[in-house]
Amino acid sequence: SVHAGAVADDGAVIAFPGESGRGKSTLVAACVGAGLDYVSDEALLVDHETATVVPYPKPIQLDARSLQLLGRAELADNRDDDEDDVFVSAQSIGGAAATTDPPLRLRHVVVPTVDAATGTPELRPLSRSHILVALLRASFNHHLAPEQAFDLVHRLADGARAWKLRIGDPNEAAELIATQLARPGPAAGSAP
């Protein structure tokens with residue numbers, strides 16, 4: 001398991017690994033709003049035997065600022081008086097949870113960086129070695145069986161591409177992900 005947000009399109013998973021507070025849940029919610037299926041905002045779970053992704057569609061945890069950035073401030077009315085965050089389902093933001101039919105396979109690892117100074121998102125290709133670093137660094141349990149974890153991450157990297165995403169507006173970043181990675185046009189997808 002890897003600390004990551006993840007969405008999918010027709011079985012192709014896009015993962016956003018990283019620490020807490022980096023905007024993963026906000027980006028995942030924006031991607032779900034842009035039409036991608038919800039896998040998780042917290043954990044990328046991968047089956048060791050099949051290298052397929054197992055959905056973990058718990059409610060998405062968003063704070064008031066995230067709801068404001070997403071243009072969904074009205075959802076803040078759903079939180080408990082003693083809670084700062086609200087928990088929303090994929091359906092409540094216009095999306096659906098991913099299923100395992102077709103099987104979910106990791107196709108893109110996106111390393112997000114938040115840049116509030118610009119509203120323009122940018123998606124740049126990275127080498128596949130960034131996949132190994134990003135997934136192992138964010139892994140919850142690689143220390144339990146390090147050789148198996150490295151082997152699995154290597155298998156995942158063979159079938160995936162790595163990207164760096166500069167996020168300004170999360171909704172625009174989600175639209176960029178949807179058009180360039182999930183439903184790419186003829187000129188997209190040419191990165192290493």
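The figures here come from the full heavy-atom set of this structure, side chains too, leaving out hydrogens, waters and symmetry mates.
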Next on the checklist: If I take atom OG1 from residue Thr26 and atom CG from residue Asp63, how far apart are they, to the nearest 0.5 angstrom?
Outcome noted: 6.0 Å
Next on the checklist: Assess the residue pair Trp163 and Arg124 against the criterion (side chain to side chain contact (heavy atoms under 4.5 Å, CB included)); give the C-alpha distance rounded to whole Å, side-chain angles, the decisive distance to 0.1 Å, and a yes or no.
Outcome noted: CA-CA 5 Å; Trp163 305 87; Arg124 292 188 6 235; 6.0 Å; no
Item to check | Closest non-hydrogen atom pair between Phe87 and Pro59, with its separation | outcome: CB-CB, 3.8 Å
Next on the checklist: With a sphere of 6.0 Å drawn around CD of Gln68, does it hold more than 12 non-hydrogen atoms of other residues, nucleotides or ligands?
Outcome noted: no
Item to check | Minimal non-hydrogen separation, Gln91 against Ala96, with atom names | outcome: NE2-CA, 4.4 Å
Checklist entry - In terms of hydrophobic clusters joined by side-chain contacts under 4.5 Å, are Ile93 and Ile167 together? => result yes
Next on the checklist: Quick one, Ser92 with Arg72, criterion side chain to side chain contact (heavy atoms under 4.5 Å, CB included). Give me CA distance, side-chain angles, the key distance, then yes/no.
Outcome noted: CA-CA 10 Å; Ser92 70; Arg72 301 301 306 259; 5.9 Å; no
Item to check | Side-chain touch Val111/Phe16, heavy atoms, less than 4.5 angstrom | outcome: no
Item to check | Euclidean distance, His154 NE2 relative to Leu135 CG, rounded to 0.5 Å | outcome: 12.5 Å
Item to check | Any donor-acceptor pair under 3.5 Å from Lys24 side chain to Glu19 backbone | outcome: yes
Checklist outcome for this item: Tested for side chain to side chain contact (heavy atoms under 4.5 Å, CB included) against Val13, the lone hit among Thr52, Leu106, Leu156 is Leu106
Next on the checklist: I'd like to know if the side chain of Thr179 and the backbone of Glu175 have a donor-acceptor N/O pair within less than 3.5 Å.
Outcome noted: yes
Checklist entry - In terms of hydrophobic clusters joined by side-chain contacts under 4.5 Å, are Leu104 and Ile14 together? => result no
Checklist entry - What is the minimum heavy-atom distance between Cys31 and Ala174, and which atoms define it? => result N-CB, 3.5 Å
Checklist entry - Would one find more than 12 heavy atoms of other residues, nucleotides or ligands at under 6.0 Å from atom CZ of Arg22? => result no
Checklist entry - For Asp151 and Arg155, what are the C-alpha separation, side-chain angles and deciding distance, and is it a side chain to side chain contact (heavy atoms under 4.5 Å, CB included)? => result CA-CA 6 Å; Asp151 176 62; Arg155 287 174 28 214; 3.6 Å; yes
Checklist entry - Taking C-beta and beyond as the side chain, do Asp169 and Pro121 meet within less than 4.5 Å on heavy atoms? => result no
Next on the checklist: In this structure, would Leu69 and Val110 fall into the same cluster of hydrophobic residues linked by side-chain contacts under 4.5 Å?
Outcome noted: no
Item to check | pair Val109-Arg161: side-chain heavy atoms closer than 4.5 Å | outcome: no
Checklist outcome for this item: Correct closest heavy-atom pair for Pro170 and Ala30 would be O-CB, 3.4 Å
Next on the checklist: Please enumerate all residues that pass side-chain hydrogen bond (donor to acceptor under 3.5 Å, both in side chains) together with His130, with sequence neighbours excluded.
Outcome noted: Ser127
Next on the checklist: Are Phe150 and Val2 linked, directly or through intermediate hydrophobic residues, by side-chain heavy-atom contacts shorter than 4.5 Å (ILVMFWY only)?
Outcome noted: yes
Next on the checklist: Between Asn141 and Leu144 (side chain of the first, backbone of the second, donor and acceptor by atom type, cut-off under 3.5 Å), is there such a pair?
Outcome noted: no
Checklist entry - CG of Leu27 to CG of Leu70: how many Å apart, nearest 0.5 Å? => result 9.5 Å
Checklist entry - To the nearest 0.5 Å, what is the distance between CD1 (Ile60) and CG (Asp85)? => result 13.0 Å
Table please: side-chain donor-acceptor pairs of residues 36-47 below 3.5 Å, with sequence neighbours left out.
from  : atom 1 : to    : atom 2 : distance (Å)
Tyr38 : OH     : Asp41 : N      : 3.1
Tyr38 : OH     : Asp41 : OD1    : 3.2
Tyr38 : OH     : Lys58 : O      : 2.7
Ser40 : OG     : Glu42 : N      : 2.9
Ser40 : OG     : Ala43 : N      : 3.0
Ser40 : OG     : Ala43 : O      : 3.3
Ser40 : OG     : Tyr56 : O      : 3.2
Asp41 : OD1    : Lys58 : NZ     : 3.0
Asp41 : OD2    : Ser25 : OG     : 2.7
Asp41 : OD2    : Gln61 : N      : 3.2
Asp47 : OD1    : Glu49 : N      : 2.8
Asp47 : OD1    : Thr50 : N      : 2.9
Asp47 : OD1    : Thr50 : OG1    : 3.2

Checklist entry - Under a 4.5 Å side-chain heavy-atom rule over Ile, Leu, Val, Met, Phe, Trp and Tyr, are Ile131 and Leu165 clustered together? => result no
Checklist entry - Looking only at heavy atoms, what is the nearest atom pair of Gly5 and Val28, with distance? => result CA-CG2, 3.7 Å
Checklist outcome for this item: Note: Arg166 and Thr120 closest approach over all heavy atoms is NH2-O, 3.3 Å
